[in-house]
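Read the structure below first, then the notes.
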Amino acid sequence: MAATETVTDKAGGQPRSVRVVLLALMITMMLAMLDNMIIGTAMPTIVGELGGLEHLSWVVTAYTLATAASTPLWGKLGDMYGRKGIFMSSIVLFLIGSALSGMAQDMGQLIGFRAVQGLGAGGLMVGVMAIIGDLIPPRERGKYQGMMAGVMALAMIGGPLVGGTITDHWGWRWAFYINLPLGIVALLAISAVLHLPKKRAQTQIDYLGAGLLTVGITAIVLVTTWGGTEYAWTSARIMELIGIGVAALIGFVFWQTKAAEPVLPLHIFRSRNFTLMSVIGFIVGFVMFGATLFLPLYQQSVQGASATNSGLLLLPMLGAMLVTSMVAGRVTTNTGRYYVFPVVGSALMVVGLYLLSTMDTGTSRLTSGVFMAVVGFGMGCLMQITMLVAQNSVEMKDMGVASSSTTLFRTLGSSFGVAIMGALFNNRVHDVMADRAGALGSKVTEQSAQVDAAGLAKLPEAAREAYQHAVSAGTHSAFLLGAAAAVIALVAAVFVKEVPLKGAGPKEDSAGGTAVQAPVTEAV
């Protein structure tokens, strides 16, 4: 099949206009990625003022649930009614949620307002990716990979630092209010400079499909969030959620074959490349969020790093990811070829995660930094290539759902990664502490397998040493699982069919603007 639509930049086609749009998109992407990392640092202060410690996890869970559930719908709405208006609506909703969260007077209000914020956040990343897909041909899109990877690395490193600074000097409410000026700048720039064709769908939104998908995703996220923490994995509540989720998703798939305008058109999965990129994206999310969760814990508990320094010690991984993403983007732009990157990237992830699994109480920071860099090189080959190939595998009319589906699979991968790797880690820590420190070890980890720096310093020497060995054993299990999951990504990458990326660059149209031809997609 081939796409025939043309997206025209009516702002005059000047490179400056494109740069302004991209800057606004990167600001929006930063908003989407920074939020949870900033809020995480502010949470102790928030609980101290609002109370409601027993509901603390819902501040993050409500946001995550709303984001995951709304992501596919935002992508479909953009395809049906035009990308610009829908994207700006998601930014406005996110900013409203941010403002209300900053004004919350109790924990219940904060949780509700975070859900509103999450609904808007579901459209931010999808909108960024889909608009870039509209404006820039796949062949040229690789140039901007480094920019997106840079934003991601900056958010991961800077989020905790910014959150701590804002909370200490301005108060926790500004952790939410800080989104407002950035979001307004992005809105104004997009409103003034971005010009895309307006659309008006003749059919109605698939409300039943959206509802079934929302129920299914919500059940999955709740299972991965609550399993092993709030409820035992074999508890009735978890079993109920699994049953509801499976039934809703089966019903969703069946309905998508009948709906006039399905939320997630199943025909896009006929493309081998799109399906494989969805699998690889899921694994990347699984690995990346697991690594960024357990590496700082290992560095603080075993290597003696401070909370601030443990974030900075992730630089080998994030720096390698940034550099590799830039190189991969440039090579892809110059050659139009990309097959080597998913294969090499997946292989490097397998090797790097296996190396991380070998770390123990004697591993130096230099050695662990080298191991992290190997994982970073692998992720740098995959982070943006998965989205690029997925978008190149569909028609222009499905750009939104392709972007939202890829984003959703990565989000679900991160939920599963944190849950499953976390369960392995916790079980291993409890077992080792019981073996090495007996009753005292069990008491230390009775409430949680994660002991903060202050609590660790108060432990007797024998218990502290036992805990360091336990954390090493826990990270060994978690990263070994990550390496096994990365093998699945490697197998999927081997079967990717290299369809040359179309579009050698912008072409002048008769009006003097820049007409960007939609990519010709692979036959399916």
Side-chain angles (χ1 to χ4, degrees), residues 6-34 74-75 78 82-91 94 121 123-155 158 179 181-197 321-323 325-334 380 383-388 390-392 396 399-400 402-404 406-407 501 503-507 513-519:
T6 300
V7 178
T8 305
D9 179 358
K10 298 177 183 177
Q14 297 301 317
R16 181 182 177 188
S17 298
V18 175
R19 286 198 297 268
V20 171
V21 171
L22 286 172
L23 176 61
L25 294 178
M26 293 305 107
I27 291 174
T28 309
M29 185 176 172
M30 177 74 78
L31 288 175
M33 299 205 61
L34 265 180
W74 284 114
R83 207 82 64 207
K84 179 178 176 179
I86 296 299
F87 182 51
M88 292 178 68
S89 298
S90 71
I91 297 176
F94 178 82
L124 298 186
M125 190 70 76
V126 173
V128 169
M129 297 301 180
I131 288 172
I132 289 176
D134 273 351
L135 290 178
I136 303 167
R139 180 69 177 268
E140 301 298 313
R141 219 171 288 159
K143 293 179 182 178
Y144 305 99
Q145 283 182 215
M147 188 186 302
M148 290 184 278
V151 169
M152 190 172 296
L154 185 62
N179 293 330
L182 293 174
I184 290 170
V185 168
L187 272 176
L188 292 174
I190 291 167
S191 176
V193 180
L194 178 63
H195 298 277
L196 293 171
M321 184 177 75
L322 173 59
V323 171
S325 187
M326 293 176 67
V327 171
R330 181 59 59 182
V331 171
T332 301
T333 297
N334 291 340
M383 285 300 297
Q384 305 306 329
I385 287 291
T386 51
M387 180 66 73
L388 175 63
Q391 290 179 335
N392 192 58
M396 186 65 77
M399 187 67 69
S403 302
S404 64
T406 307
T407 303
L501 301 176
K507 299 178 182 180
T514 302
V516 181
Q517 297 295 329

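For the numbers below, each heavy atom of this structure counts, side chains included, while hydrogens, waters and symmetry mates do not.
- Atom-to-atom distance recorded for Lys84:NZ and Ile86:CD1 is 13.0 Å, nearest 0.5 angstrom.
- A donor-acceptor contact shorter than 3.5 Å links the side chain of Ser90 to the backbone of Phe87.
- To the nearest 0.5 Å, atoms CZ (Arg83) and CD1 (Ile132) are separated by 12.0 Å.
- How far OG1 of Thr332 is from CD1 of Ile385: 4.0 Å, rounded to the nearest 0.5 Å.
- Taken from CE in Met383 to CG in Leu388, the straight-line distance is 13.5 Å, to the nearest 0.5 Å.
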Between Leu135 and Leu194, does a side chain to side chain contact (heavy atoms under 4.5 Å, CB included) hold up when you go through it step by step? CA-CA 10 Å; Leu135 290 178; Leu194 178 63; 3.8 Å; yes

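- The backbone N or O of Leu187 lies less than 3.5 Å from no partner atom in the side chain of Ser191, so there is not a single donor-acceptor pair.
- Interatomic distance, OG1 of Thr28 versus CE of Met88, reported as 10.0 Å (0.5 Å rounding).
- For Thr407, the side chain to side chain contact (heavy atoms under 4.5 Å, CB included) partners at least two apart in sequence or on another chain are Thr71, Met125, Val126, Met387, Thr411.
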So Ile91 and Ile190, side chain to side chain contact (heavy atoms under 4.5 Å, CB included) or not? Walk me through it. CA-CA 11 Å; Ile91 297 176; Ile190 291 167; 4.0 Å; yes

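- Ser403 meets the side chain to side chain donor-acceptor pair (under 3.5 Å) test with Gln391; sequence neighbours excluded.
- Residues that satisfy the side chain to side chain contact (heavy atoms under 4.5 Å, CB included) test with Leu23, not counting sequence neighbours, are Ile27.
- In terms of heavy-atom proximity, Ala189 sits nearest to Val20 at CB-CG1, 4.1 Å.
- Scanning for side chain to side chain contact (heavy atoms under 4.5 Å, CB included) contacts around Leu188 gives Ile184, with sequence neighbours left out.
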